[in-house]
Participant: 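Pasting a structure below so you can have a look.
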Amino acid sequence: MRTPVRTLPIRLTPLPGEALDSWLEATARRMDAALGDVLLHFGFPARHRAGNQFRGIPADWTIVLDEQQTSAVAHATGTSPETVAALTLAHYDGRALHMSAGGRAVSRHVLWGRGGGSRFCPECLLASGGRWQLSWRLGFSFACTRHRRLLADCCPHCGRVLRQRPRSGRSVPRSEFCGNPPTRPTRPFSAGCGADLSRASTLLLPPGHPVLIAQDRVMEIIDGATAAFGPYGTSPQLASAVLADIRALGIRVLSDLPAAVLREQIPADIAEAHLSTDPVSPHTGGDGPSGVHGPAPSRGHSRRGHRGPGHPGATRNPTGRRGLATPAGSST
């Protein structure tokens, strides 16, 4: 019989809507402990360089925990198993995303599922001390309605999407700093890229902006499980069906409409940011997590990688810069 996990000497309550990895990192930081030590205490199996999927280890614990892992975390932290389960993406399964057949990964072929990674609101990170929302991992999350900003899609220093791989477990986590592997070999791996994500710059939107209204409506659909507005008034549909309709319309708009029509149909600030041809050049110099190393993008959702026509991220951008209207996708 397996020895029960001991309760932690210091406990931290999850924030409303927080992601599992964020909460575990905050717990480790509160105890001034390395993240890896906390995960081992919960009985999480150690990761190997390859073959983790054959050992039942997901690419990211925030995707899903099995029943035994959920119970261990709940017992050690004094939290209910239901609360722990709600911190994982499995919480949205069948509504905003679909799990793969094995149940250990998010399907990237249904809705706008993200295989990994997270967007973020710099102001939320600053206000919460580096706590990350679970909804930022959804392909349908694109704006922070609290701070009226587009979510940032990548680190302003290294130019890579955040949280596509587990954070190093060899140090006390500082979740407001980028944990991607360092861009220079002189920095220790455990320190990560080190950019201060709370200082990233994203597009500020005025009150009542259509993007903020759209984000509120999308989250209402997801949280309500069904939709009965507009064309669905006489025949309410499941959230997954409505989101599939939104995805289909989004793909058609992004792949078929010329820039001139987009400028006529969407707000000027969004059109300008989406159609911008400014290249993204991630900064690769500098050391230390003292802040953003180099100029931060002035707009959210900037990523390298050109998408072909018909892809949800397709634009008519000759530089390959991913536009603001582009739904979140998996890494390239």
Side-chain angles (χ1 to χ4, degrees), residues 14-23 60 62-63 86-99 106-108 110-128 130-155 160-164 175 197-198 200 202-205 209-225 227 239-240 242-247 249-251 254 266 270 273-274 297 299-303 312-313 322-331:
L15 295 180
E18 189 171 14
L20 177 69
D21 58 346
S22 172
W23 178 51
D60 188 335
T62 304
I63 296 175
L87 304 176
T88 68
L89 285 172
H91 172 69
Y92 290 111
D93 186 27
R95 294 182 292 152
L97 54 81
H98 284 269
M99 307 295 287
V106 175
S107 173
R108 295 182 295 174
V110 182
L111 300 177
W112 265 325
R114 295 183 63 128
S118 175
R119 288 173 173 165
F120 65 95
C121 170
E123 289 195 60
C124 284
L125 293 182
L126 180 63
S128 65
R131 311 285 283 270
W132 291 65
Q133 289 287 297
L134 180 65
S135 63
W136 292 346
R137 291 173 174 261
L138 300 177
F140 289 96
S141 288
F142 45 83
C144 174
T145 56
R146 177 184 178 186
H147 295 111
R148 306 198 324 271
R149 289 188 176 278
L150 290 179
L151 298 180
D153 200 34
C154 63
C155 171
R160 290 171 289 178
V161 173
L162 282 303
R163 299 182 176 262
Q164 285 193 305
S175 302
L197 301 174
S198 68
T202 61
L203 184 64
L204 179 65
L205 304 170
H209 193 284
V211 166
L212 300 177
I213 296 174
Q215 182 67 90
D216 275 335
R217 175 56 62 87
V218 167
M219 293 311 298
E220 287 175 4
I221 295 171
I222 293 172
D223 294 337
S240 57
V242 177
L243 295 177
D245 290 346
I246 295 174
R247 177 180 183 268
L249 289 172
I251 291 175
L254 290 172
I266 64 178
I270 300 298
H274 173 61
R299 308 175 180 96
H301 300 327
S302 57
R303 269 188 66 187
R322 218 181 99 179
L324 291 171
T326 309
S330 57
S331 61

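Values below: every heavy atom of this structure, side chains too, minus hydrogens, waters and symmetry copies.
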Participant: Indicate yes or no for a side-chain donor-acceptor contact from E18 to the backbone of L87 under 3.5 Å, with no hydrogens or angles considered.
Facilitator: no
Participant: F140 and V218: which non-hydrogen atoms are nearest, and at how many Å?
Facilitator: CB-CG1, 3.7 Å
Participant: Locate the shortest heavy-atom distance separating L243 from A96; write the atom from each residue and the value.
Facilitator: CD1-CA, 3.8 Å
Participant: Please round to the nearest 0.5 Å and tell me the distance separating atom NE2 of H91 and atom OG of S135.
Facilitator: 9.5 Å
Participant: Would you say the side chain of R131 lies within less than 4.5 Å of the side chain of S22, judging by non-hydrogen atoms?
Facilitator: yes
Participant: So which atom in I270 and which in H209 form the shortest heavy-atom distance, rounded to 0.1 Å?
Facilitator: CG1-CE1, 3.7 Å
Participant: Excluding sequence neighbours, so at least two apart, what forms salt bridge (charged side-chain N to carboxylate O under 4.0 Å, His left out) with R95?
Facilitator: none
Participant: Minimum heavy-atom separation for L150 and V211, please, with both atom names.
Facilitator: CD2-CG1, 3.9 Å
Participant: What residues form a salt bridge (charged side-chain N to carboxylate O under 4.0 Å, His left out) with R146, not counting sequence neighbours?
Facilitator: none
Participant: Do R163 and S175 have side-chain heavy atoms sitting under 4.5 Å apart?
Facilitator: yes
Participant: Who are the salt bridge (charged side-chain N to carboxylate O under 4.0 Å, His left out) partners of D60, not counting sequence neighbours?
Facilitator: R137
Participant: Report yes if some heavy atom in the side chain of T202 is under 4.5 Å from a heavy atom in the side chain of L151; otherwise report no.
Facilitator: no
Participant: Nearest 0.5 Å please: distance from the CD atom of Q164 over to the SG atom of C154.
Facilitator: 10.5 Å
Participant: Measuring only between side-chain heavy atoms, which start at C-beta, is P122 closer than 4.5 Å to H147?
Facilitator: no
Participant: I need the minimum non-hydrogen distance between W136 and S118, along with the two atoms involved.
Facilitator: CB-OG, 3.5 Å
Participant: Does any N or O in the side chain of R148 come within less than 3.5 Å of the main-chain N or O of L205, such that one atom is a donor and the other an acceptor?
Facilitator: yes
Participant: Can any side-chain N or O of S198 pair as donor or acceptor with the backbone N or O of L125 at less than 3.5 Å?
Facilitator: no
Participant: Can you name the nearest heavy-atom pair linking M219 to S141, along with the distance?
Facilitator: SD-OG, 4.3 Å
Participant: Mind checking the CG-CH2 spacing from L197 to W132? Nearest 0.5 Å is all I need.
Facilitator: 5.0 Å
Participant: Nearest 0.5 Å, please: how far is CG in D93 from OG1 in T88?
Facilitator: 9.5 Å
Participant: Is a side-chain N or O of Q133 found less than 3.5 angstrom from the main chain of F120, in a donor-acceptor match?
Facilitator: no
Participant: If I take atom OG1 from residue T62 and atom CH2 from residue W23, how far apart are they, to the nearest 0.5 angstrom?
Facilitator: 11.5 Å
Participant: To the nearest 0.5 Å, tell me how far L134 CG sits from L15 CG.
Facilitator: 12.5 Å
